[in-house]
Every structure is written in C-alpha cells, then in structure tokens.
A.B. asks: 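To start, I am sharing the structure in question, which I have written as structure tokens.
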Amino acid sequence: MEKFVVTFARGFGTGGKVIASQLAKELGIHCYENRILTLASQLSGLDENVFHEVNEKMRETGGFTSFLRGLPRSRNYISRNEKFVSDDKLFEYQSQIIRELADKESCVIVGKCADYVLRDKPNVVSIYIEAPRAFCVNRTMENMGVTKEVANATIERTDKYRADYYKYYTHGNYWTNPVNYDLTLNSERVGIENCVKTIEQYLIIKGLITADMIQTVPEAK
C-alpha cells in the first residue's frame with residue numbers, strides 16, 4: 001500500500017506519546033520524536049554545503065532512516081524548563097528530515113510541527129491528544145515521581161513552550177486549533193488504548209491501512 005505518516009501533537013501528561021508509540025508498534029512502523037531534533041542539531045552545526053553532501057550520501061545509500069533510528073531514543077517524559085527561543089536554521093533542517101522520512105517510509109512523527117511541515121501531503125493524518133488538567137497532573141506525578149505542585153508547573157511550562165514553538169513556526173497558527181488536525185481526542189474520556197483503536201479505524205476509513213495490518217502487541221499504559 002501507499003506510504004503514510006501519522007503526526008501527533010499532544011498536551012503534556014495526556015499520554016499522547018504512549019498512544020503514538022503504541023500505534024506505531026501495532027502498525028509495524030517506526031515512531032520518531034526527539035531523534036529528529038538530535039539529527040537536525042548535528043547537521044545544523046555543519047556548513048550548508050557539507051550538510052547537503054551528508055544528506056545526499058545518506059539518500060544514495062538508503063541509510064537515512066537507519067541512521068536516524070540508530071540515534072538514542074528520548075525519555076518518556078521530557079519537559080521544557082527554558083523559554084522558547086527561535087532557531088530558524090535548526091527548524092529548516094528538522095523539516096527536511098521530516099519530509100525525507102515521509103518520502104521514504106510509513107511512520108509516526110511526534111511533535112516538531114510535523115502536521116504543518118507535511119500539510120500538503122494527502123497521505124498524512126494529523127492527530128491532537130488533549131485531556132483535563134487533573135488527568136494530566138496525575139499521570140505526570142505517577143510517571144515523573146513528583147509532587148502535584150511540580151506536575152502542574154511542568155505541564156504549564158511545557159505546554160506554553162509547545163504553543164509558542166508552534167505559533168512561531170506556523171506563522172501565527174494556534175497549536176490547539178482542531179482545524180489543524182484530522183482527529184482531536186480526549187485521552188481521559190476515550191482511554192489510551194481506545195485512542196489507538198480509533199486512530200487505526202480512521203486510517204482504515206482513509207484507505208491508508210487494512211485491518212489485517214494491525215498487529216497484536218501488549219496494551220499501552
């Protein structure tokens with residue numbers, strides 16, 4: 001079947017990363033998040049001509065995605081302690097990596113304005129995961145082992161960073177605007193596992209997968 005990409009935006013503590021990872025596992029495809037940023041950071045330090053040479057060599061050898069998969073995975077919970085500061089060059093390289101992935105393989109991409117970067121591609125499904133603050137606080141406390149006060153502050157700070165990041169690189173678009181996405185799901189009401197199933201059914205409706213492509217794997221938590 002045709003290659004496809006599922007992009008995820010999510011509020012901190014909603015379980016969006018878990019949903020994205022579980023979906024990728026059940027579809028037998030890769031899930032990318034901060035490895036994209038790691039590679040972009042490495043390449044953005046290069047002279048532009050050197051960057052293009054490295055990128056072209058990876059494309060010619062077919063080693064681009066295997067190289068990216070070889071980079072270390074991120075921790076389950078990564079919060080942003082700093083204020084958002086723009087880096088246009090870094091975002092440009094990051095966007096090139098996202099477009100390269102979309103051309104080469106079916107995959108799941110978490111964050112990085114991937115829905116915006118790939119907005120003109122018909123084989124892209126964009127998902128936004130949100131949940132009530134109390135639900136997010138409880139998940140954050142459990143997963144990070146922090147107090148309620150720290151969890152609240154972490155959620156507020158990280159979500160502001162993500163909103164500012166999205167607004168800047170999409171030229172004023174609003175991060176939580178449901179019009180940006182195919183589906184917006186409340187992970188508390190729908191449930192983590194049922195969010196995965198709902199997205200899979202939508203992919204079937206869109207003709208991007210068939211039911212027999214869905215693998216049985218341990219349930220997401």
Side-chain angles (χ1 to χ4, degrees), residues 5-27 31-34 37 73-84 108-119 124-170 172-206 214 217-221:
V5 178
V6 184
T7 73
F8 277 83
R10 77 284 183 218
F12 193 86
T14 62
K17 177 64 185 300
V18 175
I19 294 166
S21 297
Q22 182 76 4
L23 178 71
K25 287 177 184 176
E26 295 191 9
L27 297 181
C31 180
Y32 297 103
E33 187 192 15
N34 281 308
L37 179 59
R73 289 178 176 270
S74 63
R75 292 177 286 114
N76 286 336
Y77 272 70
I78 296 181
S79 61
R80 297 289 182 181
N81 294 316
E82 72 277 16
K83 292 183 178 180
F84 169 68
V108 171
I109 301 177
V110 181
K112 311 296 177 287
C113 297
D115 62 290
Y116 178 80
V117 173
L118 301 176
R119 63 193 180 282
V124 174
V125 167
S126 296
I127 310 296
Y128 180 74
I129 306 294
E130 194 51 277
R133 174 59 69 90
F135 176 81
C136 298
V137 167
N138 288 335
R139 280 186 59 87
T140 301
M141 290 170 63
E142 180 180 343
N143 283 282
M144 295 183 68
V146 296
T147 65
K148 184 176 181 179
E149 291 72 23
V150 171
N152 264 304
T154 301
I155 292 167
E156 184 174 347
R157 185 172 56 241
T158 304
D159 282 356
K160 185 179 188 310
Y161 182 98
R162 291 174 178 174
D164 291 345
Y165 182 99
Y166 193 89
K167 183 177 181 180
Y168 179 84
Y169 288 117
T170 63
N173 208 333
Y174 187 45
W175 176 49
T176 58
N177 183 358
V179 175
N180 297 337
Y181 309 101
D182 292 74
L183 294 174
T184 298
L185 298 172
N186 181 328
S187 55
E188 180 186 47
R189 290 191 178 185
V190 179
I192 299 294
E193 184 64 21
N194 283 334
C195 281
V196 176
K197 292 178 181 178
T198 299
I199 297 164
E200 288 170 346
Q201 289 305 307
Y202 183 70
L203 291 172
I204 291 172
I205 291 170
K206 293 280 286 185
I214 301 171
V217 298
E219 184 175 333
K221 300 297 182 182

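Quick caveat: nothing in here was measured; it's all calculated off a predicted structure. Positions are given from 1, in the same order as the sequence printed here.
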A.B. asks: Is the count of non-hydrogen atoms from other residues, nucleotides or ligands lying under 6.0 Å from Arg189 atom CZ greater than 12?
C.D. replies: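 Not more than 12 within 6.0 Å, no.
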
A.B. asks: Can you find a pair of side-chain heavy atoms, one from Ile192 and one from Gln22, that are under 4.5 Å apart?
C.D. replies: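 SC-SC contact between Ile192 and Gln22 ruled out.
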
A.B. asks: Check for a donor-acceptor pair, side chain of Ser187 on one end and backbone N or O of Ile129 on the other, with a separation under 3.5 Å.
C.D. replies: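 Looks like no, no N/O pair under 3.5 Å.
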
A.B. asks: So how far is it from Asn152 CG to Arg157 CZ, rounded to the nearest 0.5 Å?
C.D. replies: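 Between Asn152 CG and Arg157 CZ, I get 11.0 Å after rounding to 0.5 Å.
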
A.B. asks: Which heavy atom of Ala131 sits nearest to which heavy atom of Thr14, and what is that distance?
C.D. replies: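 For Ala131 and Thr14, the tightest heavy-atom pair comes out as N-CG2, 3.7 Å.
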
A.B. asks: Check whether the side chains of Asn180 and Arg119 place a donor and an acceptor atom closer than 3.5 Å, and report yes or no.
C.D. replies: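 The criterion, which ignores hydrogens and geometry beyond distance, is not satisfied for Arg119 and Asn180.
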
A.B. asks: Can you confirm whether Val110 sits close enough to Arg10 that some side-chain heavy atom of one is under 4.5 Å from a side-chain heavy atom of the other?
C.D. replies: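 Contact flag for Val110/Arg10 side chains = yes.
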
A.B. asks: How close do Cys31 and Lys17 get, heavy atom to heavy atom, and via which atoms?
C.D. replies: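 Minimum heavy-atom contact is SG-CE, 4.5 Å.
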
A.B. asks: Check whether any side-chain heavy atom of Asn138 sits under 4.5 Å from a side-chain heavy atom of Glu188, and report yes or no.
C.D. replies: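 Heavy-atom side-chain distance check fails, nothing below 4.5 Å.
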
A.B. asks: Between Cys113 and Tyr165, which heavy-atom pair has the shortest distance, and what is it?
C.D. replies: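 The answer is SG-CE2, 3.5 Å.
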
A.B. asks: Is the shortest side-chain heavy-atom distance between Asp115 and Tyr128 below 4.5 Å?
C.D. replies: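 No, too far: nothing below the 4.5 Å cut-off.
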
A.B. asks: Do Leu27 and Ile214 have side chains that approach each other closer than 4.5 Å (heavy atoms only, starting at C-beta)?
C.D. replies: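 Sidechains of Ile214 and Leu27: in contact.
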
A.B. asks: Of all residues at least two apart in sequence or in a different chain, which pass the side-chain contact (heavy atoms from CB on, under 4.5 Å) check with Asp164?
C.D. replies: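 Checked Asp164 against side-chain contact (heavy atoms from CB on, under 4.5 Å); matches are Phe84, Lys160.
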
A.B. asks: Counting C-beta onward and ignoring hydrogens, is there a side-chain heavy-atom pair between Leu185 and Ile19 closer than 4.5 Å?
C.D. replies: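 Heavy-atom side-chain distance check fails, nothing below 4.5 Å.
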
A.B. asks: Check for a donor-acceptor pair, side chain of Arg162 on one end and backbone N or O of Asp159 on the other, with a separation under 3.5 Å.
C.D. replies: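 Not at all, since once roles are kept as given, no pair shorter than 3.5 Å links the two residues.
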
A.B. asks: Please report the shortest heavy-atom distance between Val18 and Arg139, naming the atom on each side.
C.D. replies: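 Shortest heavy-atom separation between Val18 and Arg139 comes out as CG2-NH2, 3.8 Å.
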
A.B. asks: Please identify each residue that fulfils side-chain contact (heavy atoms from CB on, under 4.5 Å) with Ala151, with sequence neighbours left out.
C.D. replies: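 With neighbours one apart ignored, the set is Val137, Thr140, Met141, Val146.
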
A.B. asks: Taking the six-membered ring for Trp, are Tyr166 and Tyr181 parallel (under 30°), tilted (30 to 60°) or perpendicular (over 60°)?
C.D. replies: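 Tilted, since the angle between the ring planes falls between 30° and 60°.
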
A.B. asks: Between atom CZ of Phe8 and atom CD1 of Ile127, what is the distance when rounded to the nearest 0.5 Å?
C.D. replies: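 Reported to 0.5 Å precision, the distance equals 5.5 Å.
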
A.B. asks: Does Asp182 have any side-chain contact (heavy atoms from CB on, under 4.5 Å) partners at least two apart in sequence or in another chain, and if so, which?
C.D. replies: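 Partners of Asp182 under the side-chain contact (heavy atoms from CB on, under 4.5 Å) test: Val125, Ser126, Tyr202, Lys206.
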
A.B. asks: Calculate, to the nearest 0.5 Å, the distance between atoms CD and OG1 belonging to Glu130 and Thr184 respectively.
C.D. replies: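 Between Glu130 CD and Thr184 OG1, I get 9.5 Å after rounding to 0.5 Å.
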
A.B. asks: Grab the two heavy atoms, one from Ala9 and one from Trp175, that are nearest each other, plus how far apart they are.
C.D. replies: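 In this case the closest contact between Ala9 and Trp175 is CB-NE1, 3.8 Å.
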
A.B. asks: If we only count heavy atoms from C-beta on, is the Gln201 to Ile204 side-chain gap below 4.5 Å?
C.D. replies: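 Yes, close enough: below the 4.5 Å cut-off.
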
